[in-house]
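Here is the structure we will look at.
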Amino acid sequence: MLRLGLCCKFEGEPIKFLTATALHTGRLAPGARARKLAGLCAANASALRASLEYCAAHGIGCFRVNSQVLPLATHPELGYDLKDLPGGRAIIADFEDCGALARKLGLRLTFHPDQFILLSSPNPAVTAASVKELDYQAQVAEWIGADVINIHGGGAYGDKAGALARGGRALKKLGRAVRSRLAFENDDRTYTPSDLLPFCREHKLPFVYDVHHHRCLPDGLGVEETTALALKTWGREPLFHLSSPKAGWRGSDPRPHHDYIDIKDVPACWRGLDLTVEVEAKAKELAIKKLRAQLGAKKWKF
DNA sequence: AGCGGTCAAGTTGAT
DNA sequence: ATCAACTTGACCGCT
């Protein structure tokens, strides 16, 4: 059966994850700064709990956690270890409670680090910052029981094969908590499934198939064929991405996401698979609700 | 409460 | 050169 995943936030629900700007946070005195950051982390643990409860109550089987769930945690000047903030141990316990709740409710949790996370960069400082960020997300993933940290191939730097080889070498810098969760996803600019599938097979990493990106940046592989190859990279329930183009497939740029999913964009070959599909639609849980209703209609038989 | 300027980070390609 | 896009517009000072 398809398990639908909600990405990071809600459209109609009063569930909010808080963040902070570095400029403002950096102007606070140390004590006030620590209290402010601790307050944001605690509020986000509460928001995560509320998110899980909402998902379970509305047939949403997966939730993607925002990279800023611990705001500024890896910032070069303002970064911190949650256990060192006031009440930090109790906040960690709150996140662990979220993990227990997710397990109880049968919810899958994932992370999708930002575009700045680049293992293929020729700049060692960029790679080092990326490893630090991945370590942080893996730490939270351990607390809450998330099983995927999904990133893109990054830039090509004029030599895709060379960049991927550099990415492969950077994998050795990753700890077990990251390595056991890491997955690679095709993007709509640079790295296609044809580029990443061999890389994933070589390094025994799962491939997150984004069919929308694939349609924006095709590579000669068909959706059906790519689906079959992607499934094989997963030793557990696979994770795919789905969206529809904001202005339609005939619009000037198909990449921006629509508020909702057009049922015609759901690959027919995904029917009947045991699969998590993260729904990247601006209307968030409302889009999932609509998609679920359409998938439940007889003619789709999902 | 609402408005507008501003916000850590990298890379690409359209304009 | 600037800007939007990328998993997500939200934060914050001001009125």
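What you are looking at is a predicted structure, and each value in this text was computed from that prediction instead of being measured. Every chain is numbered from 1 and lettered A, B, ... according to where its sequence line falls, protein lines coming before strand lines.
An OP1 or OP2 oxygen of C:dA5 is reached within less than 4.0 angstrom by no side-chain nitrogen or oxygen of A:K246. Distances shown here put a side-chain N or O of A:S121 below 4.0 Å from the OP1 or OP2 atom of B:dT11. Contact annotation: A:K9 side-chain N/O to C:dG9 OP1/OP2 distance is under 4.0 Å. Within the structure, every side-chain polar atom (N or O) of A:T190 is placed at least 4.0 Å from both OP1 and OP2 of B:dT12.
Out of B:dG13, C:dA5, B:dT11, the shortest distance to the side chain of A:P256 is found at C:dA5. Distance from the side chain of A:V126 is smallest to B:dG10 among C:dC11, C:dC6, B:dG10. Taking only side-chain atoms of A:L118, from C-beta outward, the nucleotide of C:dC12, B:dG10, C:dT8 with the closest atom is B:dG10. Of the candidates C:dC12, B:dG10, B:dC7, the closest approach to any side-chain atom of A:L23 belongs to B:dC7.
Below the 3.5 angstrom threshold, one finds no donor paired with an acceptor across the side chain of A:T74 and the base of B:dA9.
Using a 4.0 Å heavy-atom distance criterion, A:E280 is classed as a sugar-phosphate-only contact. Within 4.0 Å (heavy atoms only), A:H212 reaches no atom of the nucleic acid at all. Residue contacts shown for A:E77 are absent, as no nucleic acid heavy atom lies under 4.0 Å away. Across all strands shown, A:A129 has no heavy atoms under 4.0 Å from either base or sugar-phosphate atoms. Within 4.0 Å (heavy atoms only), A:K282 reaches sugar-phosphate atoms of the nucleic acid but no base atom. Nucleic acid contact for A:F111: none, since no nucleic acid atom lies under 4.0 Å from a heavy atom of the residue. Among the atoms of the strands shown, only primed sugar atoms or phosphate atoms (P, OP1, OP2) are found under 4.0 Å from some heavy atom of A:H24. Residue contacts for A:S67: at a heavy-atom cut-off of 4.0 Å it reaches no nucleic acid atom on any strand shown. Using a 4.0 Å heavy-atom distance criterion, A:H152 is classed as a sugar-phosphate-only contact. Among the heavy atoms of the strands, none lies under 4.0 Å from A:C7. Across all strands shown, A:K36 has heavy atoms under 4.0 Å from sugar-phosphate atoms exclusively, and none from any base. Counting non-hydrogen atoms under 4.0 angstrom, A:R189 reaches a base of the nucleic acid. Base contact: A:P76 has a heavy atom under 4.0 Å from a base atom. Nucleic acid contact class of A:L78 (heavy atoms, under 4.0 Å, all strands): none.
Separation of the C1' atoms belonging to C:dC6 and B:dG4 is 25 Å when rounded to the nearest angstrom. Using P as the reference atom, C:dA4 and B:dC7 are 16 Å apart when rounded to the nearest Å. Taking atom C1' on both nucleotides, C:dA5 is separated from B:dC3 by 26 Å, rounded to a whole Å. Comparing B:dA8 with C:dG13, their P atoms sit 13 Å apart, to the nearest whole Å. With both ends at atom P, the span from B:dG5 to C:dC3 equals 14 Å, rounded to whole Å.
Remark: C:dT8 base-pairs with no nucleotide in the shown strands. Criterion, Watson-Crick or G-U wobble with two distances under 3.5 Å. Applying the Watson-Crick and G-U wobble criteria (two distances, each under 3.5 Å), C:dC14 pairs with B:dG2.
Checked against the 6.0 Å centroid threshold, A:H214 and A:Y209 count as a close aromatic pair.
For A:E133 and B:dG10, the CD to C1' distance is 13 Å, given to the nearest whole Å. Rounding to whole angstrom units, CG of residue A:L119 and C1' of B:dA9 are separated by 14 Å. Note: CG (A:L18) to C1' (C:dC11) measures 10 Å, nearest angstrom. Atoms CG (A:N66) and P (C:dA10) sit 10 Å apart, rounded to a whole Å. If you measure from atom CD of A:Q115 to atom C1' of C:dA4, you get 11 Å, rounded to the nearest angstrom. Taking atom CD on A:Q68 and atom C1' on B:dA8, their separation rounds to 8 Å, with Å as the unit. Distance CG (A:D253) to P (C:dA4): 13 Å, rounded to an integer number of Å. The NZ-C1' distance, from A:K160 to B:dT11, rounds to 14 Å in whole Å.
The environment of CZ in A:R292 is sparse: at most 12 heavy-atom neighbours from other residues, nucleotides or ligands sit within 6.0 Å.
Looking at A:R236 and A:D147, a side-chain N of the basic residue comes within less than 4.0 Å of a carboxylate O on the acidic one, giving a salt bridge. Ion pairing between A:R64 and A:E280 holds under the 4.0 Å rule for side-chain N and carboxylate O. Taking a cutoff of 4.0 Å between a charged side-chain nitrogen and a carboxylate oxygen, A:E285 and A:K289 do not qualify as a salt bridge.
Along DNA chain C, the nucleotide nearest to A:F17 and the one nearest to A:H257 differ in position, and the one closer to the 5' end is contacted by A:H257.
In this pair, A:F116 lays its aromatic ring flat on the base of B:dA9, centres within 5.5 Å and planes under 30 degrees apart.
Screening A:H241, A:R189, A:E185 for a side-chain contact (heavy atoms from CB on, under 4.5 Å) with A:H213, the sole residue that qualifies is A:E185.
Here the SG-CZ distance, from A:C55 to A:F63, works out to 6.0 Å after rounding to the nearest 0.5 Å.
Between A:L6 and A:C62, every side-chain heavy-atom pair lies at or beyond the 4.5 Å cut-off.
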